[in-house]
Amino acid sequence: MEHTDSQLTKPGVLQVIPQLDAGGAERSCVEIASAVAANGWRSFVATNGGRLETELLRAGVTVFHMDAASKNPMVMMENIGKLRRIIRARDVSIVHARSRAPAWSAMAAANAEHRHFVTTYHSKVHDKPRWKVFYNSVMARGEAVIANSQFTADRIMMAHGTPVDMVHPIPRGFDLETFDPDSVDQTRVQALKNEWGVEGDNRPLVVLPARLTRWKGPLLLIDAAAKTTLPAKFVIAGDAQGREDFETEVRQHIADLGLMEQVTLAGHISDMAAAYKAADIIVSASLDPEPFGRIGVEAQAMAKRMIAPDHGGAREQFITDPAHQRTGWLFEPGNADALASVLDDALAMSAEDAAQMGARARAHALSSFTSAAMCASTLDVYRDVLSGAASARKAAETS
């Protein structure tokens with residue numbers, strides 16, 4: 001059903017998210033909040049705060065601070081009252097939860113104030129143990145449940161029994177201005193290469209941009225680096241976020257394999273676009289299926305060759321036809337030999353073939369994954385909810 005904004009009286013949308021630091025859920029929250037404000041609606045976010053808060057303020061979004069990350073039952077109860085007061089004071093129409101702990105408070109507040117409740121399922125959908133399935137089930141209890149990929153949507157329906165017409169697969173998008181190769185000045189790239197200590201190194205640069213945590217696969221990439229037959233420089237770029245023991249383990253693994261000159265740990269990336277442009281090849285090595293994984297989309301947007309494990313949302317992001325339309329490679333998850341083999345294929349490409357593949361990758365990202373498309377689809381879900389159609393479907397399914 002089509003709805004025009006004139007049918008609505010400037011609805012208020014309150015998103016609830018634990019933090020506003022780096023991460024896919026946080027970035028999506030900021031983009032949607034900004035789009036809501038740009039659409040002439042009233043836009044609010046309840047959160048602990050973080051690095052991205054200034055972007056919200058610049059976009060005209062009102063931010064409310066609360067301990068939205070807490071799993072303490074007493075704090076969660078207090079948050080219900082805080083959210084109810086915000087809902088009443090700002091006449092919020094839709095409460096949109098993006099994480100499990102604050103979603104319980106958000107759902108209770110929305111129900112108590114008779115407002116619409118929407119969720120976005122960003123994280124892994126567990127089907128066991130039972131207590132975790134129940135705890136996560138709040139993310140499947142919205143009038144509309146947004147999934148960040150078809151993989152996530154299928155898992156939601158399997159684990160929680162959510163009807164198909166209540167689940168809306170909306171892939172994350174990338175920012176067209178931020179992730180445009182032509183908009184990234186070479187001085188930014190050079191500064192990052194200097195920071196990484198790879199300036200003047202003529203070997204192809206392979207970058208794994210991910211938090212330094214075990215399941216993101218840094219040890220797997222190191223094992224693959226030891227098995228590649230062609231020269232390359234590997235950079236693992238991501239914040240350990242307090243995991244000092246694991247960082248020590250990763251450094252020791254690099255040393256044990258004699259790869260100190262070949263593999264570098266670079267720490268937090270503050271300029272992702274420059275990191276992509278600096279790289280020749282981008283790798284995702286996650287051991288567990290990622291619900292979406294924005295790296296694959298952003299790397300393609302930056303016209304880069306991308307390698308990812310053959311599971312989760314990554315399967316939906318690439319064209320893998322080896323004949324002529326390939327925009328990336330998928331490898332057997334957790335298999336260092338398979339990753340090394342694909343790395344050798346990518347490293348063996350001529351400059352001309354690599355450029356053509358990069359151009360195809362960017363075209364694919366532009367046609368399939370943009371923030372504008374994500375925001376437009378989410379606003380359509382909001383309109384559907386406000387029209388009452390989503391409530392009617394939920395009532396029919398539960399009656």
Side-chain angles (χ1 to χ4, degrees), residues 1-5 7-8 10-17 20 23-47 52 55-56 59-63 92-99 102-103 106-107 110 115-123 139-153 156 162 164-176 178 291-294 297-298 313 316-317 365-391 393-394:
M1 179 177 178
E2 295 291 328
H3 309 288
T4 63
D5 293 343
Q7 293 175 299
L8 309 171
K10 291 191 176 181
V13 178
L14 171 64
Q15 294 185 83
V16 186
I17 191 166
L20 285 170
E26 291 91 334
R27 173 53 58 189
S28 296
C29 176
V30 170
E31 290 169 351
I32 295 300
S34 301
V36 168
N39 194 58
W41 296 6
R42 294 170 298 111
S43 187
F44 313 103
V45 173
T47 178
L52 300 177
E55 291 188 36
L56 289 176
V61 179
T62 303
V63 178
V92 169
S93 311
I94 296 172
V95 179
H96 184 169
R98 292 185 174 274
S99 184
M107 181 177 69
R115 308 302 165 98
H116 300 287
F117 181 59
V118 172
T119 60
T120 293
Y121 217 127
H122 292 280
S123 58
M139 302 307 297
R141 299 189 186 198
E143 294 171 45
V145 179
I146 298 172
N148 58 11
S149 65
Q150 187 60 53
F151 169 76
T152 300
I156 291 169
T162 310
V164 63
D165 58 357
M166 289 173 58
V167 182
H168 304 264
I170 301 177
R172 282 186 204 153
F174 68 93
D175 184 279
L176 289 170
T178 300
F292 180 76
R294 71 188 191 280
V297 171
E298 292 173 353
E316 304 167 33
Q317 295 177 353
L366 287 169
S367 67
S368 306
F369 305 99
T370 65
S371 291
M374 177 191 71
C375 291
S377 295
T378 303
L379 286 171
D380 282 343
V381 171
Y382 290 163
R383 293 184 182 100
D384 191 52
V385 166
L386 290 167
S387 76
S391 299
R393 283 196 296 272
K394 183 173 183 180

Exercise. What pairs with R98 under side-chain contact (heavy atoms from CB on, under 4.5 Å), at least two apart in sequence or on another chain?
Worked result: Q15, I17, S28, C29, I32, H96, T120, H122

Exercise. In Å and rounded to the nearest 0.5 Å, what is the CD1 to CE distance from I170 to M374?
Worked result: 8.5 Å

Problem set entry | Distance-minimising heavy-atom pair for A33 and V61 | O-CG2, 3.6 Å

Problem set entry | Heavy-atom check, side chain of V95 versus side chain of V16, under 4.5 Å | yes

Seminar exercise, completed: Separation between CZ (F369) and CG (L176), nearest 0.5 Å, reads 13.5 Å

Problem set entry | Closest non-hydrogen atom pair between S93 and L386, with its separation | CB-CD2, 3.8 Å

For this session: Test R27 against E55 for salt bridge (Lys or Arg N to Asp or Glu O under 4.0 Å), laying out the working first.
Result: CA-CA 10 Å; R27 173 53 58 189; E55 291 188 36; 2.9 Å; yes

Problem set entry | Donor-acceptor contact present, side-chain S34 to main-chain V30, <3.5 Å | yes

Exercise. Which atom pair, heavy atoms only, marks the closest approach of A140 to T162?
Worked result: CB-OG1, 3.4 Å

Exercise. To the nearest 0.5 Å, how far apart are CD in E316 and CZ in F151?
Worked result: 8.5 Å

For this session: Could you walk me through whether F292 and Q317 pass side-chain contact (heavy atoms from CB on, under 4.5 Å), step by step?
Result: CA-CA 9 Å; F292 180 76; Q317 295 177 353; 3.6 Å; yes

Problem set entry | CA sep, side-chain torsions, deciding dist, call: V13, W41, side-chain contact (heavy atoms from CB on, under 4.5 Å) | CA-CA 8 Å; V13 178; W41 296 6; 4.0 Å; yes

Problem set entry | Partners passing salt bridge (Lys or Arg N to Asp or Glu O under 4.0 Å) against R42 (at least two apart in sequence or in another chain) | none

Seminar exercise, completed: Heavy-atom nearest pair, A147 first then V167, reads CB-CG1, 4.3 Å

Problem set entry | side chain to side chain donor-acceptor pair (under 3.5 Å) against E26, all qualifying residues, sequence neighbours excluded | none

Seminar exercise, completed: Interatomic distance, OG1@T152 vs OH@Y121, rounded to 0.5 Å, equals 9.0 Å

For this session: Taking all non-hydrogen atoms of both residues into account, name the closest pair between A110 and F117 and its distance.
Result: CB-CB, 4.1 Å

Exercise. Say you draw a straight line from CG of L14 to NE2 of H116; how long is it, rounded to the nearest 0.5 Å?
Worked result: 14.0 Å

Problem set entry | L366 and F174: CA distance, side-chain angles, deciding distance, side-chain contact (heavy atoms from CB on, under 4.5 Å) verdict | CA-CA 9 Å; L366 287 169; F174 68 93; 3.8 Å; yes

Seminar exercise, completed: The reported gap from SG in C375 to CG in D380 (rounded to nearest 0.5 angstrom) is 11.5 Å

For this session: Write down the atom of M166, the atom of G142, and the distance for their closest heavy-atom approach.
Result: CE-O, 3.5 Å

Exercise. Backbone N or O of A373 within a donor-acceptor pair of the T370 side chain at under 3.5 Å?
Worked result: yes

For this session: I would like to know whether T119 and I146 meet side-chain contact (heavy atoms from CB on, under 4.5 Å); could you show each step before the answer?
Result: CA-CA 6 Å; T119 60; I146 298 172; over 6 Å; no

Exercise. Within the distance-only criterion (no hydrogens, no angle test), does the side chain of S149 pair as donor or acceptor with the backbone N or O of P291 below 3.5 angstrom?
Worked result: yes

